[in-house]
Amino acid sequence: ENVKIALVVKSLGNGFFDAANKGAEEAAKELGDVDIIYTGPTKATAEAQIEVVNSLIAQKVNAIAISANDADALVPALKKAMERGITVISWDSGVAPEGRQLHLNPSDTGLIGETIIKLAADYLPEGGDVAILSASSTATNQNAWIDAAKKILPEKFPKINLVATVYGDDDSAKSTDEAKGLLKSYPNLKAIIAPTTVGVVAAAQVVTDENLIGKVNVTGLALPSEFKKFIDNGSSQAVALWNPIDLGYSAVYLAYDVAVKKEEAKPGATLSIGRVGKVTLDDTNSAAMAPPFQFDKTNIEKFSKIY
Amino acid sequence: MISGARTTLPLVGRVGEPASRSDAGETGWGGDISMCQDLDMLVDPHPAHVVRDPPHKGEGKAPRLTLSGISKSFPGVRALHDVSLSLYPGQVTALIGENGAGKSTLVKIMTGIYQPDAGIISIDGQPVTLPSAHAAFGHGITAIHQETVLFDDLSVAENIFLGHAPRTRFKTIDWRTMRKNAKEVLDTMGAGHIDADTRLKDLGIANKHLVAVARAMSIDARIVIMDEPTAALSMKEIEELFLLIEFLKSEGKAILFISHKFDEIYRIADRYTVFRDGEMVGEGLIRDAGQSQIVRMMVGRAVDHIFPQRKATIGAPVLTVSGLSHPTEFDDIGFELHRGEILGFYGLVGAGRSEVMQAISGITRTSSGTIALEGKPIAPKSAADSIEAGIVYVPEERGKQGVVIGLPIFQNVSLPSLKRTSKTGILRLAEEFALARAFTERLDLRASSLSQDVGTLSGGNQQKIVIAKWLATAPKVIILDEPTKGIDIGSKAAVHGFMAELVAQGLSVIMVSSELPEILGMSDRVVVMREGRIASVYDNKELDAETLVRTAAGIAA
Amino acid sequence: MKNFLRYREIWLLAAIAVLIGLISMRFPGFSDPANLRQVFNDTSILMILALGQMVVILTRSIDLSMASNLCFTGMVVAMLNAAHPAIPIPLLIVAALLVGLVLGAINGLLVWRLNIPSIVVTLGTLTIYRGATFVISGGAWVNADQMSPAFIGLQRAVFLGIPVLSWIALLVIALFFLLMTRTALGRSIYAVGVNPTGSVYAGIDVGRTKFIVFCISGMIGGLAGYLWISRYVIASVEVANGYELNIIAACVIGGISIAGGIGSVGGAVLGALFLGIIANALPVINISPFWQMAISGSAIILAVALNARGERRQGRIILKKAEAA
Amino acid sequence: MTDTPAPRHIPDRLDKPLSSAIFSWEALLVVVAVAIFAVNSFASPYFLDPWSLSDLTFNFTEKALIAFAMALLIISGEIDLSVAAIIALASTMMGMAVQAGAGTPVLVAVGILVGLGCGAFNGLLVTRLGLPSIVVTIGTMSLFRGVAFIILGDQAYKGYPASFAFFGQGYVWWVVSFELMLFLVAAIIYWFVLHRTSFGRRVFAIGNNPIAAQFSGVRVDRIKFILFCLTGLMSGIASVLITSRLGSTRPSIAQGYELEAITMVVLGGVSILGGAGSILGVVLAAFIMGLVTFGLGLLNVPGIVMSIFIGLLLIIVIALPILWRRLRGGR
Ligand SMILES: Nc1ncnc2c1ncn2[C@@H]1O[C@H](COP(=O)(O)OP(=O)(O)OP(=O)(O)O)[C@@H](O)[C@H]1O
Ligand SMILES: Nc1ncnc2c1ncn2[C@@H]1O[C@H](COP(=O)(O)OP(=O)(O)OP(=O)(O)O)[C@@H](O)[C@H]1O
Ligand SMILES: [Mg+2]
Ligand SMILES: [Mg+2]
């Protein structure tokens with residue numbers, strides 16, 4: 001009887017999560033006695049994810065590793081899962097501490113916040129106006145990164161002026177409208193920062209369409225395979241991301257650690273994540289996997305073939 | 001399902017039974033409706049085949065259109081069975097039959113809307129098939145249908161030419177020619193006053209009917225069918241329609257004319273064909289047949305329709321209306337209705353009588369005026385209020401305002417009386433059935449069960465449900481709006497007899513009607529309305545038709 | 001008086017002018033011709049979809065599956081393009097029209113042959129078509145990178161100073177105008193909506209007409225599928241999710257009566273423009289995007305209320321005649 | 001009519017109870033439900049477990065509560081597309097109340113009253129201004145949720161009191177959750193109202209012929225107004241449940257619930273054109289939808305593929321009787 005670990009994602013079909021699933025399968029192979037259930041709703045809503053969690057509870061899986069659509073709304077369902085003896089961890093997009101045993105951040109939140117600003121600032125030696133195009137207003141991780149970015153902005157990047165934060169809901173049409181609105185409202189805009197893979201593509205396409213390549217730089221978090229085109233055409237100088245394969249891989253390792261090896265998830269504990277190394281839990285039982293990795297003209301070709 | 005079969009046969013009994021009741025001399029109203037002379041007919045509702053005039057072969061001419069052996073059934077209803085009919089060029093054939101005899105069904109078969117289950121249609125001796133309305137146009141068949149086939153939001157020209165609009169070289173619609181042709185058609189009909197560009201909904205009801213006629217005329221037809229074309233026309237327009245028919249006759253068109261009014265049939269028709277229960281029971285030349293003979297074929301026995309004579313015992317005023325006004329529809333309406341009285345309301349179609357009655361029964365709002373019932377002022381804000389007070393309105397449009405198709409008979413009957421048949425809002429089916437049974441059996445309804453959907457009943461039987469449901473509320477005043485509109489002669493007599501019975505019991509009746517004989521035959525007094533106002537009130541003692549018509553039309557004596 | 005419909009459109013046009021005026025007060029550049037041209041371009045897809053929906057609504061039906069059709073067809077052409085970049089774009093557009101047509105015809109057949117109310121049929125196919133998108137794609141997205149430059153570039157190419165997308169919208173508007181005013185089919189569509197039984201007597205096959213309008217809305221959905229995907233350069237299962245209500249809202253604001261028979265090409269176009277302008281303007285005049293929903297909702301309610309006022313029968317006015325006499 | 005020759009007797013009904021029960025819509029639904037239940041128990045070993053079955057009910061209870069009121073509304077010939085938006089607005093208002101320090105009873109009252117208010121707003125627009133409900137509620141759907149977005153923006157309300165969690169997460173007895181209990185009670189109440197009271201009778205009459213109903217003394221506008229209020233009320237109740245179940249409020253809560261509730265009603269045999277339908281049908285349809293989604297969920301079938309099944313089920317179940325009648329009717 002193999003250990004069943006469910007990798008629950010925000011929505012199916014997203015290239016980022018498909019890559020994470022690759023990593024999860026890799027971890028399962030390494031661990032030997034693990035079956036991965038890769039699942040999630042098709043619409044990125046909390047209600048749909050709860051139904052998925054309920055069916056996993058009924059299937060008596062051993063562990064649930066979830067990237068949550070809503071940090072709070074999923075708590076009751078996940079609590080129920082824990083009550084029924086299922087190990088629950090969150091990864092990528094977290095759940096409030098009472099709804100999981102530990103959380104794996106893809107990277108350090110503060111570091112990501114700093115990186116997304118730095119990506120814009122690196123190409124703006126004189127400084128100037130930038131705007132953020134985020135995913136949905138409820139996305140936990142994006143909100144955390146944006147908060148972190150705002151915090152370090154005055155001290156580290158005094159010349160960068162953040163003029164607006166808008167939300168494209170990870171919907172390409174809405175993201176496009178919002179990006180256009182930004183360009184119209186702020187004629188002096190020098191960069192659009194989109195810390196989401198859908199938004200960043202939409203923004204880069206708008207910059208391309210409006211012939212603003214060279215005037216407005218699009219940056220943020222992007223999947224190399226989806227974004228290569230825009231690095232090539234110059235609408236973006238550089239973007240960053242962590243390795244989603246490693247993320248899925250690590251999530252499965254952590255779930256296995258807690259569910260099977262019975263390692264205790266408590267502040268200060270150090271857990272192994274296979275080939276990626278080790279993580280240490282902080283006082284909210286969160287850990288960060290690795291610093292974000294930067295893609296630009298020099299390396300995008302190579303990584304676009306991987307994820 | 002079973003009901004359908006039944007509704008087609010027993011009109012005999014329907015009219016006959018009140019008559020036999022009158023023979024017993026109990027109620028005193030029916031004694032004069034000597035409808036039933038041939039009692040044998042009562043005993044045997046299926047008389048062996050009725051006298052059939054030897055068919056006159058169109059006085060030497062070959063028929064333009066022949067139907068033979070046509071049958072048509074709907075689920076549970078045999079509408080037509082093995083009927084035949086011939087139409088001759090330059091002649092008007094009247095198609096006569098009770099409600100539900102199958103007349104309109106035959107019209108729909110001839111115009112390609114229904115497909116017959118069996119039978120042959122030939123034109124000029126050649127068998128044809130009419131798979132669609134278009135095919136019928138193609139064979140030169142055009143019709144004015146009983147139901148409205150007009151389009152409120154389209155222009156007059158388009159209403160006339162929809163489906164056969166003139167085209168340009170590119171197969172697109174040629175609006176210019178269409179307008180021109182529409183004008184021509186209207187002009188030749190003497191309806192030149194209608195602008196081809198107005199939207200249909202901006203026309204009055206009579207003009208709408210003229211457009212319907214124009215639509216039929218716009219097709220270069222050789223066969224013209226008119227299914228009750230005069231039902232909504234006033235006398236003047238009927239005269240114009242007859243002139244048009246004469247003109248069509250002279251052009252050599254073959255015409256089929258359907259009407260329940262015998263004066264019209266004798267006025268315009270050359271030949272007749274009679275249907276009963278979906279079968280052809282007689283045909284011949286109209287000049288060879290008397291009315292009583294045709295009625296006998298229609299109903300299966302003789303009906304001599306004389307209005308019931310009543311000993312008018314008119315009491316104190318029950319309903320007093322004064323100064324009732326509406327911003328656009330009527331003004332300063334005032335009259336009194338007494339206990340045991342039938343008050344007739346006469347006027348041309350569109351005079352506003354229905355609007356006044358709907359205002360009295362709370363359905364439309366008034367701008368000023370008072371209504372008092374038995375001396376107490378009432379201000380009904382809805383039909384529910386007026387029913388509660390004791391005034392009920394039996395509407396004119398049975399299908400739209402009267403019956404709730406989709407609900408069974410007993411639920412239709414109990415609908416206005418639900419307060420009485422339920423207890424603190426909880427239904428009591430036994431009470432409902434009892435109420436429905438009491439009133440439907442009294443009206444001699446023909447139905448297989450009280451749980452049957454009213455939609456499966458024939459028109460006459462639906463009318464009985466409508467009357468039953470309002471009578472069941474035990475009203476003080478009952479307003480009947482055109483109670484016999486579109487109803488055949490047998491049912492008409494039954495309704496009249498019933499009205500007489502109601503007033504004898506002390507009810508007060510307002511009867512809105514556009515039919516002179518009915519008004520003259522039934523009312524104690526007559527209110528004449530013209531263009532939203534009361535033109536005059538007459539006592540029926542020595543009233544004559546001419547006075548009424550003159551007053552209604554506003555022509556000085 | 002002579003033409004009630006035109007009346008309504010003039011009002012809508014006036015409302016749009018006022019709206020643009022108001023926006024320009026906060027953001028002067030908004031009424032620049034260049035910007036307005038862009039707003040038109042941005043609204044093109046909604047306009048095209050609204051026209052497709054219009055013909056359906058005119059026959060007293062409704063097509064809730066248009067956005068799902070768009071999603072499915074978009075995915076099909078995107079996958080075709082990704083797999084065979086050599087297929088010329090005009091051929092892909094034909095493919096989009098055909099796929100859309102098939103989906104529309106399925107709706108139409110169910111409505112015509114089985115007599116199921118259109119709202120039920122399209123409520124069902126709404127989920128079926130979107131689900132089918134998931135099935136054919138396996139849930140995977142098609143990204144900008146997988147689409148050929150021609151696929152993405154066509155609608156962006158500028159011809160006589162205007163992007164091809166706008167030209168396509170203008171062409172569709174012109175075709176619908178011809179259809180509705182100059183062809184027998186167009187007039188039958190109105191007739192079926194105004195009086196279905198009457199239409200039968202006038203020789204119009206009501207069921208077939210409904211079938212045809214669903215085919216039209218299907219083809220429009222297919223065309224919009226290609227346009228949408230090549231515009232937003234991503235094909236996924238979530239494309240245009242919930243957009244069917246925007247399409248219907250555009251029709252309603254444009255004065256197309258949900259009870260059938262009333263409405264015009266101009267109305268549908270203006271209704272879509274109205275929504276397009278709001279969507280475009282909110283970000284630039286710095287109204288929080290969170291207001292957008294409430295504003296368009298209020299606009300819909302206001303529009304129906306005003307339209308109903310215009311349509312209301314002012315009684316038969318028996319008395320006027322008396323006064324005139 | 002004192003004495004008449006014995007009038008023709010018309011029977012109350014021509015009873016053929018067995019065959020009419022066998023060929024009824026509900027019977028068809030029972031067959032479908034049993035079939036799906038059987039397939040589920042074969043397909044997944046986890047299905048036949050009391051807790052699984054209990055969890056299953058959460059997939060439909062909230063939507064079904066709305067569907068009951070919606071069924072009455074649709075039978076009367078109207079529709080309400082704004083129910084999910086009402087949930088969002090009511091939940092937002094409850095969130096505001098929490099912020100203001102309200103306790104559980106106040107929260108419940110706020111949720112229900114906001115729902116009722118929204119329903120009344122719809123009802124007023126439809127009955128007073130005589131507007132088509134489908135359009136009005138497309139408008140209020142955006143309006144209500146839009147207001148929730150204006151209030152909440154990108155924020156969330158949380159911190160609901162612990163006792164509030166009972167409504168969406170609590171169990172009344174063993175595996176019987178409070179939601180399931182409420183669903184059953186509501187089903188009985190709605191069944192009674194629709195099929196056993198004069199109010200219900202009037203709803204049917206309005207749906208079949210509003211004008212004739214009005215002429216017969218039915219206060220059509222008042223009843224329609226009440227039905228919109230009821231639908232709003234049920235949405236308010238659903239809002240309490242879902243807010244309690246999620247323990248938090250976002251303006252995007254309950255997205256798409258309106259179509260699922262309507263699907264349930266239509267699948268339950270209520271005529272979308274008004275005038276016909278039964279509560280039993282809706283109850284069965286709710287179970288069917290729950291069985292399908294949960295059963296496929298156990299097989300880890302993505303939600304969107306489940307929706308294909310629901311869509312197909314809707315069309316097939318409606319088409320079947322039509323095809324059957326056509327076959328039997330010959331030709
Ligand atoms: N579409 C239909 N479906 C079922 N039954 C029908 C249909 N049309 C007509 N009938 C039935 O067929 C019979 C003949 O109806 P038809 O309309 O031809 O009568 P009619 O002679 O025109 O009566 P009237 O004088 O009232 O106009 C009636 O019993 C009617 O109920
Ligand atoms: N212009 C019109 N457009 C549509 N329907 C009309 C028009 N004029 C009259 N009608 C209809 O014709 C019928 C007669 O009108 P109304 O009832 O107001 O007058 P009336 O004097 O009562 O005539 P009637 O004796 O026919 O009842 C009504 O059913 C009314 O709805
Ligand atoms: Mg007839
Ligand atoms: Mg009248």
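Atom set for the values below is all heavy atoms of this structure, side chains included, hydrogens, waters and symmetry mates excluded. Sequence lines set the chain letters: A, B, ... in the order given, protein chains first and strands last, and positions in each chain run from 1.
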Original post:
Any side-chain heavy atom of C:Trp141 within less than 4.5 Å of one from A:Val201?
Top reply: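 Heavy-atom side-chain distance check fails, nothing below 4.5 Å.
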Original post:
Are the side chains of C:Ile152 and A:Gln205 in touch, meaning some heavy atoms are under 4.5 Å apart?
Top reply: yes
Subject >> Largest heavy-atom contact set with chain C, pairs under 4.5 Å, which of A:Val206, A:Asp209, A:Leu12 >> reply: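 The option with the most such pairs is A:Asp209.
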Original post:
Do you know which of A:Gly181, A:Ala173, A:Pro187, A:Ala164 has the most heavy-atom pairs under 4.5 Å to chain C?
Top reply: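 Heavy-atom pairs under 4.5 Å are most numerous for A:Ala173.
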Between [X] and chain A, with a heavy-atom cut-off of 4.5 Å, which part of the residue counts as in contact: side chain, backbone, both or neither?
X	value
C:Phe134	side chain
C:Arg231	both
C:Gln38	side chain

Subject >> chain A interface, residue from C:Val233, C:Ile234, C:Val237, C:Ile45 that has the most non-hydrogen pairs under 4.5 Å >> reply: C:Val233
Original post:
Cut-off 3.5 Å, side chains only: do A:Lys229 and C:Asn143 have a donor facing an acceptor?
Top reply: no
Drop me the distance from [X]'s [atom1] to [Y]'s [atom2], to the nearest 0.5 angstrom.
X	Y	atom1	atom2	result
C:Asp145	A:Asp232	CG	CG	7.5 Å
A:Ser185	C:Arg26	OG	CZ	10.5 Å
C:Leu282	A:Asp177	CG	CG	10.5 Å
C:Glu238	A:Ser172	CD	OG	10.0 Å

Subject >> Interchain contact, A:Phe227 with chain C, by part (heavy-atom threshold 4.5 Å) >> reply: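 When you check distances to chain C, no heavy atom of A:Phe227 falls under 4.5 Å.
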**OP:** Please step through side-chain contact (heavy atoms from CB on, under 4.5 Å) for the pair A:Thr208 and C:Arg156, ending with a clear verdict.
**Re:** CA-CA 10 Å; A:Thr208 311; C:Arg156 295 176 165 80; over 6 Å; no
Subject >> Stepwise side-chain contact (heavy atoms from CB on, under 4.5 Å) test for A:Lys180 and C:Asn280 >> reply: CA-CA 8 Å; A:Lys180 282 197 171 157; C:Asn280 245 278; 5.6 Å; no
